Structures are given as structure tokens and as C-alpha cells.
S.K.: 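Quick one: this structure, given as C-alpha cells, is what I'll be asking you about.
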Amino acid sequence: MRSSFDILKAEDMEKINQTFVLGFILLGLSEYPKNEIVYFVVILSMYLVILIGNGVLITASIFDSQLHSPMYFFLGNLSFLDICYTSSSVPSTLVSLISKKRNISFSGCAVQMFLGFAMGSTECLLLGMMAFDRYVAICNPLRYPVIMSRVVCVLMASMSWLSGGINSTVQTSLAMRLPFCENNVINHFTCEILAVLKLACTDISLNIVTMMVSNMAFLVLPLLVIFFSYMFILYTILRMNSATGRHKAFSTCSAHLTVVIIFYGTIFFMYAKPKSQELLGENKLQASDKLISLFYGVVTPMLNPIIYSLRNKDVKAAVKYLLNKKPIQ
């Protein structure tokens with residue numbers, strides 16, 4: 001006859017077995033097997049454009065003296081961030097599409113979540129820093145070299161990367177400590193934090209609260225900086241007497257503003273839509289939701305170098321110089 005201690009021990013072991021997950025399964029677009037080759041080719045093509053386009057921008061900002069300014073310093077950081085962000089998820093997505101291997105280890109999922117969240121948080125801050133840079137350049141041009149000195153720019157960029165890393169460390173640690181019972185199927189391309197939280201078989205109130213605080217600090221505050229910066233920029237531009245000056249000021253801001261609209265527009269479309277399905281306990285993402293997530297994760301980083309190259313004469317001239325190895329006229 002078993003003692004009460006043995007029964008309790010067996011129950012504890014069963015509970016441990018149910019709550020400890022060794023790995024996860026990423027469904028991706030497995031419900032559309034006939035289209036997986038098409039998705040593979042499209043995503044691979046976009047990933048190559050991301051690597052080449054952002055790589056060229058980074059190289060140009062380093063080796064071309066005309067791009068040694070705060071705006072291009074932040075642009076180089078943004079390009080490097082886009083490469084890191086996509087490289088943390090796209091290769092595994094490509095492997096799953098071509099080999100049908102959809103499992104990811106617990107530690108691999110944690111690393112992927114950390115990198116994705118860190119890069120997203122850092123990008124929000126960098127976009128805010130770039131808007132402030134344009135505000136100082138247009139509204140306070142005489143003080144621009146002093147306010148946006150190289151030391152200040154390095155500090156601003158470093159704080160963006162450090163803050164994003166700290167924020168991601170907190171969010172990832174809180175998410176991965178949760179018990180997931182026997183549910184380890186993530187209906188997503190990657191270990192996206194909201195998709196992982198849906199698998200938890202315990203209260204996630206603390207996670208929700210910390211994410212709300214995080215969203216205020218890394219989404220709303222940078223957006224407010226961007227909004228007020230451009231309000232002051234618009235006010236200053238409209239007061240200019242020279243049409244040429246107004247056109248030049250608009251052209252220096254148009255690329256950044258386009259990137260901001262695409263970046264924040266995609267985020268708000270993803271997370272501000274009605275959550276009626278989730279309130280009913282439905283944990284399946286629709287195909288459209290996954291494609292929107294893919295747009296945010298792959299298409300936006302691909303568009304950034306294209307937008308900055310097409311709408312910026314200095315960047316186009318620097319890229320031509322790198323490609324042709326001829327002096328810039």
C-alpha cells in the first residue's frame with residue numbers, strides 16, 4: 001500500500017511533467033501546404049533585398065564622408081537593426097517552409113522572442129530620435145552642431161539599444177517562466193510574445209500589466225516625440241519665405257515620415273483591431289493576421305532602404321559612388 005507521501009510525490013511529478021515544455025511547434029502557414037513553395041520564394045527574395053539594401057546603406061554611411069551626419073548615423077543604426085531583426089526569425093521560417101521542420105527548442109524560442117522584442121523596442125526609440133534630429137536641424141539650424149554632436153548621437157543610440165534590450169529581457173523572462181502544460185503549438189511564424197502568452201495555463205495579469213507599461217514607454221512616448229517634432233517642423237516650414245527652402249526641408253523629412261507611417265500603421269493595425277475572437281477563447285490566428293505580421297516583420301525592413309534611397313539625393317549619390325567607384329559629381 002502506497003503512503004500519502006508517495007501519492008503526493010507522484011502528483012507533484014505529474015504536475016511537473018505537465019507544466020514543463022521542452023520545445024514548441026510553429027504552425028506558420030501549414031494550413032496552406034500547396035502555397036508553401038511560393039511563400040518560400042517570396043520570403044527568401046525579400047530577405048535578400050533586406051540584407052543587400054540595408055548592407056549597402058550601412059556601407060555608404062560608413063565610407064562616404066558626405067553621410068557622416070547625425071541623420072545618417074541613426075539611419076545606419078536602423079539598417080543594422082533591420083538586419084538583426086529579420087535574421088532572428090526569417091531563416092527559421094524559411095527552413096520550416098522547405099523542410100516541414102516546425103519545432104523549435106524552448107531556449108531557441110526564448111532567444112527568438114528576446115531578439116524580436118528587443119529590436120522592435122529599439123526601432124521605436126530610434127525613430128523618435130530621428131524625428132528629434134530633424135526637428136533640431138530645421139527649427140534650430142544654428143545650434144544643430146552643438147545639440148546633435150557626435151557624443152550626443154552615440155549616447156542617444158546607445159540608450160535606445162540598451163533600453164530595448166532591458167525591456168526585452170524583462171518581457172521575455174516573465175513570459176518564459178510561465179507554465180504551458182501540454183499545449184506547445186504556436187499558431188504563428190515565430191515565437192511572438194502574444195502568441196506564446198496564449199499558451200500559458202495560468203494567470204498572465206502581470207505579463208499584461210508590464211506589456212502595457214512597455215507599450216507606453218516604447219510605443220506611445222516615441223510616437224508623441226515624432227508627432228510634436230513634426231508639428232514644430234511643419235510650423236517652421238510654413239513660415240519660410242523661400243520655396244526652395246520649403247521643398248528642401250520637406251524632402252529631408254519625407255523619407256523618415258514615410259517609414260514612421262508604415263511602421264506604426266502596421267503595428268496599430270495588428271494590435272488595435274477588435275479582440276472578440278480571443279475573448280471567446282479562440283486561439284487561432286486568421287491567415288490575414290499572419291500575413292499582416294509577416295508584412296511587419298519582413299516587408300517593412302525591406303522598404304526602409306528603398307524609401308531612403310529613392311527619396312534622398314545624398315544616399316543615391318553615395319550608393320552610385322559605391323557601385324561605380326567613381327567620384328561623386
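Keep in mind that the numbers below use all heavy atoms, side chains included, and drop hydrogens, waters and symmetry copies. Small disclaimer: the values here were computed from a predicted structure and weren't measured.
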S.K.: Check side chain to side chain contact (heavy atoms under 4.5 Å, CB included) between L44 and all other residues, then give those that pass, not counting sequence neighbours.
M.R.: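 If we apply the side chain to side chain contact (heavy atoms under 4.5 Å, CB included) test to L44, skipping adjacent residues, the hits are F40, L48, L94.
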S.K.: Working note: V41 + S45, criterion side-chain contact (heavy atoms from CB on, under 4.5 Å); need CA distance, chi angles, decisive distance, verdict.
M.R.: CA-CA 6 Å; V41 174; S45 302; 4.2 Å; yes
S.K.: If you round to the nearest 0.5 Å, how far is CG of L78 from OH of Y308?
M.R.: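 Reported to 0.5 Å precision, the distance equals 6.0 Å.
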S.K.: When you check the side-chain N and O atoms of Q112 and S92, is any donor under 3.5 Å from an acceptor?
M.R.: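 Yes, because at least one side-chain N or O of Q112 sits under 3.5 Å from a partner of the opposite role on S92.
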S.K.: How far apart are the closest heavy atoms of E36 and L97, and which atoms are they?
M.R.: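 What the structure gives for the nearest pair is OE1-O, 3.8 Å.
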S.K.: Identify the two heavy atoms, one from M46 and one from M302, that lie closest to each other, and give their separation to 0.1 Å.
M.R.: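 Heavy atoms only, the tightest pair is CG-SD, 3.5 Å.
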S.K.: Between F228 and Y135, is the ring centroid distance below 6.0 Å?
M.R.: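 Aromatic pair excluded; centres sit 6.0 Å or further apart.
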S.K.: Is a side-chain N or O of N184 found less than 3.5 angstrom from the main chain of G23, in a donor-acceptor match?
M.R.: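 Side chain of N184 to backbone of G23, a donor-acceptor pair under 3.5 Å: yes, one is there.
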S.K.: Mind running side-chain contact (heavy atoms from CB on, under 4.5 Å) on E192 and F117 for me, showing each step along the way?
M.R.: CA-CA 8 Å; E192 196 263 345; F117 210 92; over 6 Å; no
S.K.: Hydrophobic clustering (ILVMFWY, side-chain heavy atoms < 4.5 Å, transitive) - are V213 and I208 grouped together?
M.R.: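 In one cluster: no.
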S.K.: Could you tell me whether the side chain of F180 reaches within less than 4.5 Å of the side chain of V196, counting heavy atoms only?
M.R.: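 Yes, at least one pair of side-chain atoms sits under 4.5 Å.
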S.K.: Look at the side-chain heavy atoms of Ile, Leu, Val, Met, Phe, Trp and Tyr, link any pair under 4.5 Å apart, and say whether L115 and F263 land in one connected group.
M.R.: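 No, separate clusters.
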S.K.: Hey, can you pull the donor-acceptor pairs under 3.5 Å for the side chains in residues 141-150, sequence neighbours left out?
M.R.:
{"unit_1": "Y144", "atom_1": "OH", "unit_2": "D133", "atom_2": "OD1", "d": "2.6"}
{"unit_1": "S149", "atom_1": "OG", "unit_2": "V152", "atom_2": "N", "d": "3.4"}

S.K.: Quick one: do L178 and N207 satisfy side-chain contact (heavy atoms from CB on, under 4.5 Å)? Show the steps, please.
M.R.: CA-CA 10 Å; L178 296 171; N207 302 80; 3.9 Å; yes
S.K.: Just to verify, what does L221 make a side chain to side chain contact (heavy atoms under 4.5 Å, CB included) with, not counting sequence neighbours?
M.R.: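 Partners of L221 by the side chain to side chain contact (heavy atoms under 4.5 Å, CB included) criterion, ordered by chain and then number, come out as L224.
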S.K.: Can you give me the closest heavy-atom contact between I83 and I50, atom names plus distance?
M.R.: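 Minimum heavy-atom separation between I83 and I50: CG1-O, 4.3 Å.
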S.K.: Who passes disulfide (SG to SG under 2.5 Å) against C253, sequence neighbours left out?
M.R.: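 Partners of C253 under the disulfide (SG to SG under 2.5 Å) test: none.
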S.K.: Grab the two heavy atoms, one from P222 and one from C124, that are nearest each other, plus how far apart they are.
M.R.: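 So the two residues come closest at CB-O, 3.4 Å.
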S.K.: Sequence neighbours excluded, which residues qualify as side chain to side chain contact (heavy atoms under 4.5 Å, CB included) partners of V95?
M.R.: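 Result, side chain to side chain contact (heavy atoms under 4.5 Å, CB included) vs V95: S99.
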S.K.: Do M211 and L194 have side chains that approach each other closer than 4.5 Å (heavy atoms only, starting at C-beta)?
M.R.: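 They are in side-chain contact.
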S.K.: Do I193 and L206 belong together in a cluster built from hydrophobic side chains that touch within less than 4.5 Å?
M.R.: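 No, no single cluster joins them.
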S.K.: Could you tell me the separation between the CD1 atom of I186 and the CD1 atom of I104, rounded to the nearest 0.5 Å?
M.R.: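 Going from the CD1 atom of I186 to the CD1 atom of I104 covers 7.5 Å.
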S.K.: For a side-chain hydrogen bond (donor to acceptor under 3.5 Å, both in side chains) with D82, tell me which candidate from N304, N77, T300 qualifies.
M.R.: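 Going through the options one by one, the only one that passes is N304.
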S.K.: Could you work out, with side-chain hydrogen bond (donor to acceptor under 3.5 Å, both in side chains) as the rule, every residue matching S79, not counting sequence neighbours?
M.R.: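 Once residues adjacent in sequence are excluded, the partners of S79 under the side-chain hydrogen bond (donor to acceptor under 3.5 Å, both in side chains) criterion are N54.
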S.K.: Other members of the hydrophobic cluster containing L125, with the 4.5 Å side-chain heavy-atom rule, please.
M.R.: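 Joined to L125, directly or through intermediates: F218.
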S.K.: What pair of heavy atoms forms the shortest contact from A157 to F73, and how long is it?
M.R.: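 Heavy-atom minimum between the residues: CB-CE2, 3.7 Å.
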S.K.: With rounding to the nearest 0.5 Å, note down the distance linking CZ in R134 to CE in M129.
M.R.: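 Reported value, rounded in 0.5 Å steps: 15.0 Å.
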S.K.: Quick check on the hydrophobic clustering: are V111 and L197 connected, directly or via other members, by side-chain heavy-atom contacts under 4.5 Å?
M.R.: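 No, it is not one cluster - the side chains of V111 and L197 are not joined through contacts under 4.5 Å.
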S.K.: Run through the side-chain heavy atoms of Ile, Leu, Val, Met, Phe, Trp and Tyr, join any pair under 4.5 Å, and report what else lands in V151's cluster.
M.R.: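 Traced through the cluster, V151 reaches L155.
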S.K.: So how far is it from I233 CD1 to I138 CD1, rounded to the nearest 0.5 Å?
M.R.: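 Answer for the CD1-CD1 pair, I233 versus I138, is 4.5 Å.
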S.K.: Could you state the interatomic distance from SG (C191) to CZ (F106), rounded to the nearest 0.5 Å?
M.R.: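 Taking SG in C191 and CZ in F106, the distance rounds to 9.5 Å.
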S.K.: Keeping the roles fixed (side chain from R246, backbone from L238), state whether a donor-acceptor pair exists under 3.5 Å.
M.R.: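 No, because the side chain of R246 does not come within donor-acceptor range (under 3.5 Å) of the backbone of L238.
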S.K.: Considering residues at least two apart in sequence or located in another chain, which fulfil the ring-ring contact (aromatic ring centres under 6.0 Å, His included) criterion with Y230?
M.R.: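 H256.
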S.K.: Please walk me through it: do Y264 and I226 pass side-chain contact (heavy atoms from CB on, under 4.5 Å)?
M.R.: CA-CA 11 Å; Y264 275 96; I226 294 169; 3.9 Å; yes
S.K.: Please name all residues satisfying side chain to side chain contact (heavy atoms under 4.5 Å, CB included) with T59, sequence neighbours left out, ordered by chain then number.
M.R.: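 Side chain to side chain contact (heavy atoms under 4.5 Å, CB included) list for T59, sorted by chain: F63, L322.
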S.K.: Which atom pairs, one a donor and one an acceptor, fall under 3.5 Å between side chains of residues 166-177 and the rest of the protein, sequence neighbours left out?
M.R.:
{"unit_1": "N167", "atom_1": "OD1", "unit_2": "S214", "atom_2": "OG", "d": "3.0"}
{"unit_1": "N167", "atom_1": "ND2", "unit_2": "S121", "atom_2": "OG", "d": "2.9"}
{"unit_1": "N167", "atom_1": "ND2", "unit_2": "S214", "atom_2": "OG", "d": "3.0"}
{"unit_1": "S168", "atom_1": "OG", "unit_2": "F114", "atom_2": "O", "d": "2.5"}
{"unit_1": "S168", "atom_1": "OG", "unit_2": "A118", "atom_2": "N", "d": "3.3"}
{"unit_1": "T169", "atom_1": "OG1", "unit_2": "G165", "atom_2": "O", "d": "2.8"}
{"unit_1": "Q171", "atom_1": "OE1", "unit_2": "T210", "atom_2": "OG1", "d": "3.4"}
{"unit_1": "Q171", "atom_1": "NE2", "unit_2": "T210", "atom_2": "O", "d": "3.2"}
{"unit_1": "T172", "atom_1": "OG1", "unit_2": "S168", "atom_2": "O", "d": "2.8"}
{"unit_1": "S173", "atom_1": "OG", "unit_2": "T169", "atom_2": "O", "d": "2.6"}

S.K.: Under a 3.5 Å threshold, yes or no: a donor from one side chain and an acceptor from the other, between T122 and Y85?
M.R.: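 Judged by distance alone, the side chains do not pair up.
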S.K.: Starting at CD1 of I62, measure out to CG of L67 and round the result to the nearest 0.5 Å.
M.R.: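 Output value for this atom pair is 11.0 Å.
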S.K.: Tell me whether F250 is reachable from V259 by hopping between hydrophobic residues (I, L, V, M, F, W, Y) whose side-chain heavy atoms are closer than 4.5 Å.
M.R.: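 Per the 4.5 Å side-chain linkage, V259 and F250 are co-clustered.
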S.K.: Give a yes or no on whether H247 atom NE2 has more than 12 heavy-atom contacts from other residues, nucleotides or ligands under 6.0 Å away.
M.R.: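 No, NE2 of H247 has 12 or fewer neighbouring heavy atoms, counting only those of other groups under 6.0 Å.
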S.K.: Looking only at non-hydrogen atoms, find the nearest pair between C139 and T236 and report the distance.
M.R.: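 Closest pair (atom of C139, atom of T236, distance): SG-OG1, 3.1 Å.
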S.K.: For F80, check ring-ring contact (aromatic ring centres under 6.0 Å, His included) against everything at least two apart and list the hits.
M.R.: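 Listed in chain order: W161.
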